[in-house]
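Okay, so here's the structure we're looking at.
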Number of protein chains: 2
Amino acid sequence: MTHDPLSQVFSALADPTRRAILARLSRGEASVNALAEPFEMTLPAVSKHLKVLEKAGLISRSRTAQWRPCRLEGAPLRGVAEWLEAYRKFWDGSFDRLDDYLDDIQKGDPDGPRS
Amino acid sequence: MTHDPLSQVFSALADPTRRAILARLSRGEASVNALAEPFEMTLPAVSKHLKVLEKAGLISRSRTAQWRPCRLEGAPLRGVAEWLEAYRKFWDGSFDRLDDYLDDIQKGDPDGPRS
DNA sequence: GAGATAACTAACCTAGTGGTTTAATACAGA
DNA sequence: TCTGTATTAAACCACTAGGTTAGTTATCTC
């Protein structure tokens, strides 16, 4: 895997188990055991997922006795949001009519539909 | 690996070459050769990246003679935006985190912070 | 100190990814 | 029909990812 930050974040999010972990953490800190409970897989597997999330900056871990509670860190998602914003016009329905209009008046544009 | 749509989209976006291809396509349709030109890698490698993007629904391909022009399809990004929106309060400083957090606790939604 | 509990590491397996080279396919034009 | 161009397919390789089991470390409690 390429290790530029955005790629790491996208890669971390490309797994439903890890997204479920983030969803759980969005409701508050949780221990590894608590996070692993809903899944069929073993604890080391969950531990690996957590390491992926941690390397992407999406979670942080503190230490309380033998527990290492995980906390959601949303900051990397800002990069995703910024990347996504550049493409908003390609998926946001409220732009559809504008796109149609531009397509209409730009028929035959050699550089493409929206150059 | 996982074949749920959102995972496929995130996975497709987790590669800088593929994101660069999307950036290029955001300025209009392009042939495979044109898309491959900025990269060091061989043409079959680019062709594979395009296949990944196509399976994720992020591009479509038409046929004009021996050319297979690619076009950006933004629809799958809406799913990303919706997923991301649920976490906005964790990265957008303009949100009042405590209020949102309390709202979510009261809803007791198990699937995510705001879904 | 002796368990019990929480979490991690190590070693391993299978399958997938990203790249290559070489060969095949599809089409345009002379 | 032959040739050049655009693109994909096949076979292969090194590396990574996601999972397992078994063993280790850290800490609490008795």
Side-chain angles (χ1 to χ4, degrees), chain A residues 1-22 24-25 28-72 110 112, chain B residues 1-22 24-25 28-72:
Chain A
M1 201 247 305
T2 48
H3 53 294
D4 69 291
L6 194 51
S7 295
Q8 256 183 290
V9 174
F10 274 129
S11 185
L13 298 178
D15 184 291
T17 300
R18 289 195 289 265
R19 292 199 305 278
I21 288 173
L22 291 182
R24 168 65 185 80
L25 289 177
E29 289 190 11
S31 71
V32 177
N33 266 301
L35 288 173
E37 190 272 330
F39 304 108
E40 298 285 324
M41 68 191 68
T42 60
L43 234 126
V46 173
S47 194
K48 281 190 181 181
H49 282 303
L50 293 175
K51 189 175 285 184
V52 172
L53 290 169
E54 191 177 25
K55 281 197 174 168
L58 287 163
I59 66 170
S60 64
R61 304 154 112 164
S62 50
R63 166 152 240 160
T64 306
Q66 68 266 53
W67 292 274
R68 259 157 273 190
C70 299
R71 176 183 325 188
L72 176 59
Chain B
M1 183 181 178
T2 50
H3 62 295
D4 68 292
L6 194 50
S7 295
Q8 256 182 292
V9 174
F10 274 129
S11 186
L13 297 178
D15 184 290
T17 301
R18 289 195 289 264
R19 291 199 305 278
I21 288 173
L22 292 183
R24 168 65 185 80
L25 289 178
E29 289 191 9
S31 71
V32 177
N33 266 303
L35 289 173
E37 190 272 330
F39 303 107
E40 297 286 323
M41 68 191 70
T42 59
L43 233 125
V46 173
S47 194
K48 283 189 180 182
H49 281 304
L50 293 175
K51 188 177 286 184
V52 172
L53 290 169
E54 190 177 26
K55 280 196 175 170
L58 287 163
I59 66 170
S60 63
R61 305 157 112 162
S62 49
R63 167 149 243 158
T64 306
Q66 68 266 54
W67 293 271
R68 307 292 310 278
C70 298
R71 176 182 325 190
L72 176 59

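The basis for the numbers below is simple: all heavy atoms, side chains too, and nothing from hydrogens, waters or symmetry mates. Here is the naming used below: chain letters follow the sequence lines, and residue numbers restart at 1 for every chain.
The stretch residues 51-65 of chain B touches DNA chain D through K51(B), R61(B), each having a heavy atom under 4.0 angstrom from the strand. Proximity of residues 35-49 of chain A to DNA chain D (heavy atom under 4.0 angstrom from any strand atom) is restricted to M41(A), T42(A), P44(A), A45(A), K48(A), H49(A).
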- Message: Test salt bridge (charged side-chain N to carboxylate O under 4.0 Å, His left out) on K48(A) and D15(A); report intermediate values, then the result.
- Response: CA-CA 12 Å; K48(A) 281 190 181 181; D15(A) 184 291; over 6 Å; no

- Message: Working note: L13(A) + L22(A), criterion side-chain contact (heavy atoms from CB on, under 4.5 Å); need CA distance, chi angles, decisive distance, verdict.
- Response: CA-CA 9 Å; L13(A) 298 178; L22(A) 291 182; 3.6 Å; yes

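Scored by the salt bridge (Lys or Arg N to Asp or Glu O under 4.0 Å) test, R68(A) finds no partners at all (sequence neighbours excluded).
Look at CZ on F10(A): it is 17 Å from P on dA17(D), rounded to the nearest Å. As rounded to whole Å, 14 Å separates atom P of dG16(C) from atom CG of D15(A). In this structure, the CD atom of Q66(B) is 5 Å from the C1' atom of dC27(C), given to the nearest Å. Remark: C1' of dG18(D) and CG of D4(B) are 15 Å apart, rounded to the nearest angstrom.
Phosphate contact (OP1/OP2 of dT5(C), side-chain N/O of N33(A), threshold under 4.0 Å): absent. Within the structure, a side-chain polar atom (N or O) of R18(A) is placed less than 4.0 Å from OP1 or OP2 of dG18(D).
With hydrogens and angles ignored, the 3.5 Å screen pairs a side-chain donor or acceptor of R18(B) with a backbone N or O of A12(B). T64(B) contributes no side-chain N or O that, together with a main-chain N or O of W67(B), makes up a donor-acceptor pair within less than 3.5 Å.
If you find the closest nucleotide of DNA chain D to T17(A) and to A34(B), the one lying nearer the 5' end belongs to A34(B).
Partner of L72(A) under the side chain to side chain contact (heavy atoms under 4.5 Å, CB included) criterion, out of L53(A), L25(A), I21(A): L25(A) alone.
Summarising the geometry, atom SG belonging to C70(B) is positioned 10.0 Å from atom CZ belonging to R24(B); distances are rounded to the nearest 0.5 Å. Separation of atoms OG (S11(A)) and NZ (K55(A)) is listed at 12.0 Å; rounding is to 0.5 Å.
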